[in-house]
**Student:** 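Handing you a structure now.
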Amino acid sequence: MNDERLASAVSDWLKESDTPPRDSRSAVAWSVARAGKTRRARRSWPVAWSVGGQIGRWRVARISGAAVLVILVIGAALLRGGSTTPEAEERLPSGRHR
Amino acid sequence: MATESHPRLYRVALGILRDADHAEDATQAALVDIWKYLRRLRDPVAYESWSYRLLVRACMREAKRAPRWMPEAEIGTRIDHGASDALGAVIDRDQLVRGFRRLSVDHRAVIVMRYLLDMPIEAVAEALDIAPGTVASRLNRAMTALRAALEADARSVAPRLEPQEADR
């Protein structure tokens, strides 16, 4: 089989099997939505309602903004509760001063 | 822009990947890339070839992700090329599909752009960001590999067909 004949066979086959996309509009809408989501994920966490993905150079596991707030509140509470002031150290466990 | 580009890109993706679902995924990935990197495109005239470049990359990613075996629905029509042919009188479309699948995505992309879109060598070179000479040699290697695959396929099919023919 010479080159031209093979090229012609391939061309015919490719053109015969050429079919349009099933639903172009929904595919485009899906792509645009996905692209928008990717852009939102790039923003810093106070703007986008989730943290993670690509943050600067680092790739971080995705976590929702609400979860971050909960972690911050619990962390702050633990820090305040666990802190020891000089007065607290002076106090005996029963609450009486030495 | 996306609405206009989608059918054009899908057509090429389907030509390269030969599977509607994978072609859809690759097209969507390419559209997302276009959306993300559009600011980097300096010359708006080059949009079409640039979008093909992103699509071919998306097809490569998709081909890596896809399993080696994929169901094939394209069975049937036969293309007659005359009895004097060295390969045989008829090339089965199914053989073409199998032969095409053995090619790399690079080779498939060149074949699809050249023979499906009828793009000149220079346009293919611009789309793939390679030299025209590279396109020509890649196309030549692709067709040689396809011919070899067809011949190997014909050899493996012929002994199986002979007893059936004898029964008739």
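Everything numeric here is computed off the predicted structure, so don't read it as measured data. Here is how names work: the chains are called A, B, and so on, in the same order as the sequence lines, proteins then strands, and each is numbered from 1.
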**Student:** Scan for side chain to side chain donor-acceptor pair (under 3.5 Å) pairs involving residues 112-123 of chain B, sequence neighbours excluded, and state none if there are none.
**Tutor:**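 Pairs touching residues 112-123 of chain B that pass the test: A/K15-B/D118.
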
**Student:** List in chain and number order the residues that pass side-chain hydrogen bond (donor to acceptor under 3.5 Å, both in side chains) with B/R102, two or more places apart in sequence or in another chain; answer none if no residue qualifies.
**Tutor:**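 side-chain hydrogen bond (donor to acceptor under 3.5 Å, both in side chains) check on B/R102 returns nothing, list empty.
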
**Student:** Are B/Y52 and B/V45 in one and the same hydrophobic cluster, where Ile, Leu, Val, Met, Phe, Trp and Tyr link if side-chain heavy atoms are under 4.5 Å apart?
**Tutor:**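 In one cluster with B/Y52: B/V45, no.
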
**Student:** Which region of B/I34, side chain (C-beta onward) or backbone (N, CA, C, O), has a non-hydrogen atom less than 4.5 Å from a non-hydrogen atom of chain A, or is it both or neither?
**Tutor:**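 For B/I34, no heavy atom lies under 4.5 Å from chain A.
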
**Student:** Only one of B/L14, B/L116, B/L117 clears side chain to side chain contact (heavy atoms under 4.5 Å, CB included) with A/L14; which?
**Tutor:**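 When B/L14, B/L116, B/L117 are each tested with A/L14, the side chain to side chain contact (heavy atoms under 4.5 Å, CB included) holds only for B/L116.
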
**Student:** Could you give the distance from CG (A/L6) to CG (B/L96), rounded to the nearest 0.5 Å?
**Tutor:**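 Interatomic distance, A/L6 CG to B/L96 CG, rounded to 0.5 Å: 7.5 Å.
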
**Student:** I need the A/E4 CD to B/M143 CE distance, nearest 0.5 Å.
**Tutor:**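 These two atoms lie 11.0 Å from each other.
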
